[in-house]
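To start, the structure itself, in structure tokens.
Remember, it's 1-based here, ligands and their atoms both numbered in the order they're listed. In this chain, numbering begins with 1 at the start of the sequence shown. Nothing here was measured: the structure is a model prediction, and the numbers come from that model.
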Amino acid sequence: MKIKAALAREINQLTIEEIELDPPKADEVLVRMQAAGVCHSDLHTYRGELRARPPLVLGHEGAGIVEAVGENVTRIKPGDHIGVNWLPACETCPTCLSGRYNLCERFADTTFKAMLLDGTSRLRTRDGLTLKHMLSSATMSEYIVINEASAIPIPEDVPFEVAAVIGCAVATGVGAVINTAQARPGLPAAVIGCGGIGLSAIQGCKLIGCNPIIAVDVMDSKLEFARQLGATHTINAKETDVVEALQELARRGPEYVFDSVGSAATISQALQAARPGGTAVIVGLHAFQVDAPISSATLVLQNKRLLGSFVGSIRPRLDLPMLVELYRAGKLQLDELITKRYPLDDLPQAFDDMEAGKIARGVLVFNQ
Ligand SMILES: [Zn+2]
Ligand SMILES: [Zn+2]
């Protein structure tokens with residue numbers, strides 16, 4: 001079928017054009033998209049900075065309505081509302097069985113190569129160029145074909161935009177707090193970087209009952225979003241020494257420091273700022289490869305923990321529905337996280353607004 005999608009034919013070449021989508025094969029579903037979140041990873045991908053390279057269709061956060069299902073699909077039926085899970089774990093490999101579903105062994109040859117789970121693609125341009133599916137999902141498209149494992153049913157009262165952002169930014173930010181750090185209430189926490197992931201981490205800290213919750217960013221506009229979503233204090237890293245300020249606001253430093261930026265500078269700051277015995281969690285991926293200096297004196301003599309968190313250490317089929325329920329219970333302010341909606345054609349504007357710090361989270365909406 002003919003569909004309109006946002007794609008990168010080559011590195012740094014973003015176009016919105018009509019392409020061809022093949023029907024779902026066995027274990028796959030066809031979804032009519034309603035919303036797709038705009039994430040920094042999409043930007044890094046079309047610029048060729050992450051593992052999967054163009055040509056590909058962008059997008060990995062999304063939600064929509066199931067239109068058709070292929071053979072052997074048992075958990076999903078046409079008409080179901082679903083959120084996209086871009087970590088379609090096999091749930092049978094030793095890594096999955098150890099509870100590390102976010103690190104499933106099959107991702108290396110499928111999801112991270114931007115292919116569907118059988119290693120092939122259903123997408124091509126009208127001039128015959130095969131396009132990959134970013135993170136096995138390619139959500140910036142009017143219709144998508146995904147594996148059944150990539151579709152998480154959601155209740156019909158949950159807005160599609162909310163379901164879209166739960167699948168990446170919210171899972172990553174909230175998951176880092178509750179799964180990776182296993183944060184405890186009443187302790188001070190800091191979050192470096194206040195984009196979609198950082199703002200979600202702030203909400204995770206609020207949910208757990210951390211106090212104070214200190215937000216760090218270089219843009220005052222983002223610090224304002226942070227305050228609205230649960231930060232009790234803010235630090236503009238352009239004006240203040242972050243480590244000193246954090247150690248002043250929380251005695252000897254925060255118990256937990258979440259770095260949603262992932263640059264060499266912020267990784268060191270997170271580790272330095274955490275209190276003795278405290279935990280620094282690196283959540284953001286600034287580029288595929290960043291080498292940061294780690295002080296052994298800080299790590300060993302102060303008995304700190306330095307943890308990496310990939311998509312909030314989530315177990316997608318358990319944790320994505322849990323996050324949906326936390327939203328429905330009013331515990332996560334996700335309507336407030338979504339500050340602007342765009343038609344698919346305005347994706348370049350959405351990327352610009354994201355980089356300029358004008359929006360907390362932008363979402364593409366499909367009126368179909
Ligand atoms: Zn993302
Ligand atoms: Zn697995």
Side-chain angles (χ1 to χ4, degrees), residues 6 8 27 35-47 49-52 56-63 83-112 114 116-119 133-140 144 146-150 152 161-176 193-201 260-262 282-288 309-320 323 334 337-338 347 350-351 354-355 359-364:
D27 305 316
V38 181
C39 178
H40 273 100
S41 303
D42 299 303
L43 194 68
H44 293 310
T45 296
Y46 102 80
R47 289 179 178 164
E49 293 163 356
L50 293 179
R51 277 176 281 195
L56 48 71
V57 171
L58 292 166
H60 56 290
E61 292 183 2
V84 172
N85 158 34
W86 63 267
L87 288 170
C90 75
E91 303 182 7
T92 56
C93 73
T95 306
C96 281
L97 291 175
S98 74
R100 299 181 180 115
Y101 297 92
N102 62 328
L103 304 175
C104 173
E105 293 172 16
R106 75 172 166 189
F107 295 153
D109 289 324
T110 57
T111 305
F112 298 147
L116 292 180
L117 296 183
D118 67 352
H133 302 241
M134 178 175 173
L135 294 171
S136 305
S137 42
T139 54
M140 292 180 175
I144 62 171
I146 50 176
N147 190 279
E148 181 182 19
S150 298
I152 304 284
E161 294 135 65
V162 167
V165 298
I166 282 177
C168 183
V170 177
T172 303
V174 178
C194 299
I197 291 173
L199 293 171
S200 297
S260 73
V261 178
I282 312 306
V283 187
L285 200 57
H286 187 66
F288 184 51
S309 178
F310 180 58
V311 198
S313 312
I314 60 161
R315 300 147 297 176
R317 287 212 293 138
L318 276 176
D319 290 347
L320 297 178
L323 292 167
L334 304 185
L337 184 66
I338 299 161
L347 177 61
F351 280 146
M354 183 171 68
E355 287 207 288
I359 49 174
R361 198 61 162 183
V363 174
L364 303 175

Lys/Arg N to Asp/Glu carboxylate O, Arg47 vs Glu355, below 4.0 Å
yes
Check the pair Ser136 / Leu117 against side-chain contact (heavy atoms from CB on, under 4.5 Å), numbers first and verdict last.
CA-CA 7 Å; Ser136 305; Leu117 296 183; 4.3 Å; yes
Near the Zn ion (ligand 2), meaning under 2.8 Å, the protein N/O/S atoms are Cys90 SG, Cys93 SG, Cys96 SG, Cys104 SG
Angle subtended at the Zn ion (ligand 1) by NE2 of His60 and SG of Cys39, to 10 degrees?
110°
Can you classify the ring geometry of Phe310 versus Phe112 as parallel (below 30°), tilted (30 to 60°) or perpendicular (above 60°)?
perpendicular
Show the nearest heavy-atom pair for residues Leu97 and Thr92, with the distance to one decimal.
CD1-O, 3.4 Å
Say whether, by atom type as modelled, one donor and one acceptor occur between the side chain of Glu61 and the main chain of Ala169 under 3.5 angstrom.
yes
Under 4.0 Å between a side-chain nitrogen and a carboxylate oxygen: does that hold for Arg361 and Glu161?
no
